[in-house]
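Along the sequence shown, residues are numbered consecutively beginning with 1.
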Amino acid sequence: MQTAAIQSFPIRAVSEITGVNSVTLRAWERRYGLIKPMRTPKGHRLYSKQDIELIQEILDRLSQGVSISQIARDILNKTSMDGGEHSDVWGQYCRQMIKAVSRFDEHALEAVYNDAMSLYPVDVVTTRLIMPLLEELGKRWKEKAGSIAEEHFFSVYLRNKLGARFHHQNLRNSGPKLIMACLPGEQHEFGILLFALTAHSKGYQVILLGADLPVTELIQVAERTDSQGVVLAGSASLNCNSVMEDINLLTGTISTPVFIGGDVSSTCRDDITKASAFPLGKDLVGSLYIIANRLHLSNTQAKAYSI
C-alpha cells in the first residue's frame, strides 16, 4: 500500500503564498529558530503546510503589535511544554558549556555560545542558558564537583564576552537612558551585566557602573546626566537594613525613578516599596516591562522597549 507524499513547497512559493520575502524567512529560521524547513539533497529549503500555517500565525501576531522576539519566546516556551524538539535544547547547551569549562576549552565554549546566539534572541539565551549555567557552576563549586579555577575561567570569559557585546551595541541605541549598578556591598556584577545586555537589546541607552558603587557616587552620576531611571541590583545576602539606608538616601535625593532588581528585591520588597522605589524581581523581560510603564512611555514605546 502506497502512502501519500507529504506536500512541500519551495521558499519562492512560500513567499508568494504568505507575502513574506525569502530573506525574512531565512532570518526567522537562523536568528530565532522559528521555522525548521526540510532540505533537499542540494540544500534547498522545502516547507510543509504546517510551516505555512505557522508563518500565517506569526504574521497575525505581528499585525497585533507583538514583536518577533516575543513571538519566538512564546513558540519556544510552548514547544518546550509540549515536549517538542526544543524541550532539552537548553539542557544540552548547558551540559556542553560545563564540559568546555571543565576542560578550560575556550574554543568549545565559544562554539556553543555562538550557536545559541545565532538561533535565539539575546534575552532568551540569557534567561534560558546563561543564568541557569551560572547557578549550575556555583552549585558544582559548593559540592566540590568543580573548582574555583573553573568558576574564574568562565567568569573572565563571560565578562569579556558580554562586556564587548554591550559596549559595541550600546552606542547605537537612542531609547531611554538608564543608570545601572550593583548596590553598595554587592560584589557580583553578572546579574546587572546580563540585565544591561537585555536592556540594550531592546533599545535602551545604558550607563553601566559595575559592582559595589557608593550611593553618593550614584547621586552625582544621576545629577550630571539626563538619565530617566536608575536600576540597582543585589543578592539575597545583602542586609535589608543597610540596603534600605542607601535606597532611602537615593530616593530622597534624586527625582529619577529608582528600580531594584535581583534577589534583594524579593527579600526586601515591602521596604523597597515604602521607600518609593520599585522592586523588579529576577525576570529580565518582566523587569523591562515594569520600567517601561513607570517611565510613562506611550503604549507603542512601552512595547518597543519591553517586548
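With rounding to the nearest 0.5 Å, the separation of CD1 in I219 from OG1 in T253 is 4.0 Å. Annotation: the span from L249 atom CG to I254 atom CD1 amounts to 9.5 Å, rounded to 0.5 Å. Taking CG of N241 as the reference point, atom CG of D246 lies at 11.5 Å (rounded to 0.5 Å). Once rounded to the nearest 0.5 Å, the distance linking CH2 of W90 with CE of M97 reads 10.5 Å. A distance of 6.0 Å separates CG in L250 from CG in L232, rounded to the nearest 0.5 Å. Rounding to the nearest 0.5 Å places OG of S276 at 8.5 Å from CG of N248.
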Step-by-step side-chain contact (heavy atoms from CB on, under 4.5 Å) determination, R128 to Y93: CA-CA 10 Å; R128 303 296 292 272; Y93 277 140; over 6 Å; no
side-chain contact (heavy atoms from CB on, under 4.5 Å) evaluation trace for V101 with L109: CA-CA 7 Å; V101 169; L109 195 59; 3.9 Å; yes
Worked check of side-chain contact (heavy atoms from CB on, under 4.5 Å) between V231 and I179: CA-CA 6 Å; V231 182; I179 299 170; over 6 Å; no
Step-by-step side chain to side chain donor-acceptor pair (under 3.5 Å) determination, D263 to S266: CA-CA 5 Å; D263 287 325; S266 298; 5.7 Å; no
Derivation of the side-chain contact (heavy atoms from CB on, under 4.5 Å) call for D212 and C182: CA-CA 6 Å; D212 192 20; C182 294; 5.9 Å; no
CA sep, side-chain torsions, deciding dist, call: T18, Q56, side chain to side chain donor-acceptor pair (under 3.5 Å): CA-CA 7 Å; T18 64; Q56 295 289 4; 5.8 Å; no
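Between P176 and L295, the closest side-chain pair of non-hydrogen atoms falls below 4.5 Å. Side-chain contact between L183 and L238: present, with at least one pair of heavy atoms (C-beta onward) separated by less than 4.5 Å. Between Q50 and L54 the shortest side-chain heavy-atom distance does not fall below 4.5 Å. L197 has its side chain out of reach of V206: every pair of non-hydrogen atoms, C-beta onward, lies at least 4.5 Å apart. Between R45 and P10, the closest side-chain pair of non-hydrogen atoms is not below 4.5 Å. L134 is listed as a side-chain neighbour of L158, based on a closest heavy-atom distance under 4.5 Å. The shortest side-chain heavy-atom distance between V230 and P257 does not fall under the 4.5 Å cut-off. When side chains are defined from C-beta on, I11 counts as touching L25, because their heavy atoms get closer than 4.5 Å.
Nearest heavy atom pair, residue P279 against residue I290, reads O-CD1, 4.1 Å. Shortest non-hydrogen contact noted between C94 and L133 is SG-CD1, 3.7 Å. Across all non-hydrogen atoms, the minimal contact from T251 to A275 is OG1-O, 2.9 Å. The shortest non-hydrogen separation linking A196 to L208 is CB-CD1, 4.1 Å. Of all non-hydrogen atoms in G261 and L280, the two that sit nearest each other are CA-CB, 4.0 Å. Contact record, M180 with A199: CE-CB, 3.6 Å, taken as the closest heavy-atom pair.
Ring centroid separation for the pair F104 and F153 comes in under the 6.0 Å cut-off.
Remark: F278 pairs with F259 by the ring pair (Phe, Tyr, Trp, His ring centres under 6.0 Å) rule, at least two apart or across chains. Taking the disulfide bond (SG atoms under 2.5 Å apart) definition, one finds that C268 meets it with C240, sequence neighbours left out. Under the rule for a ring pair (Phe, Tyr, Trp, His ring centres under 6.0 Å), Y113 has no partner lying at least two apart in sequence or in another chain. Residues that satisfy the side chain to side chain donor-acceptor pair (under 3.5 Å) test with T216, not counting sequence neighbours, are absent from this structure.
By the criterion of side-chain heavy atoms lying less than 4.5 angstrom apart, applied directly or through intervening Ile, Leu, Val, Met, Phe, Trp or Tyr residues, I17 is grouped together with L62 in one hydrophobic cluster.
Screening residues 102-113 for salt bridge (Lys or Arg N to Asp or Glu O under 4.0 Å) gives E110-K161 as the qualifying pairs, with residues at least two apart or on separate chains. Residue pairs meeting the salt bridge (Lys or Arg N to Asp or Glu O under 4.0 Å) criterion with at least one partner in residues 218-245, sequence neighbours excluded, are K177-D226.
When atom types are taken as modelled, the side chain of T40 and the backbone of H44 share a donor-acceptor pair closer than 3.5 angstrom. Between the E29 side chain and the I35 main chain, no donor and acceptor come within less than 3.5 Å of each other. Although no hydrogens or angles enter the test, the distance criterion places a donor-acceptor pair under 3.5 Å between the side chain of S15 and the main chain of V20. No donor-acceptor pair closer than 3.5 Å links the side chain of Q228 to the backbone N or O of T256. Checked by atom type and distance alone, the side chain of S265 pairs as donor or acceptor with a backbone atom of G281 at under 3.5 Å. No donor-acceptor pair closer than 3.5 Å links the side chain of S242 to the backbone N or O of N239. No donor-acceptor pair closer than 3.5 Å links the side chain of D115 to the backbone N or O of A111.
In this structure, a donor-acceptor pair under 3.5 Å is present between the side chains of S48 and D51. Side chains of T273 and D270: no donor on one and acceptor on the other come within 3.5 Å.
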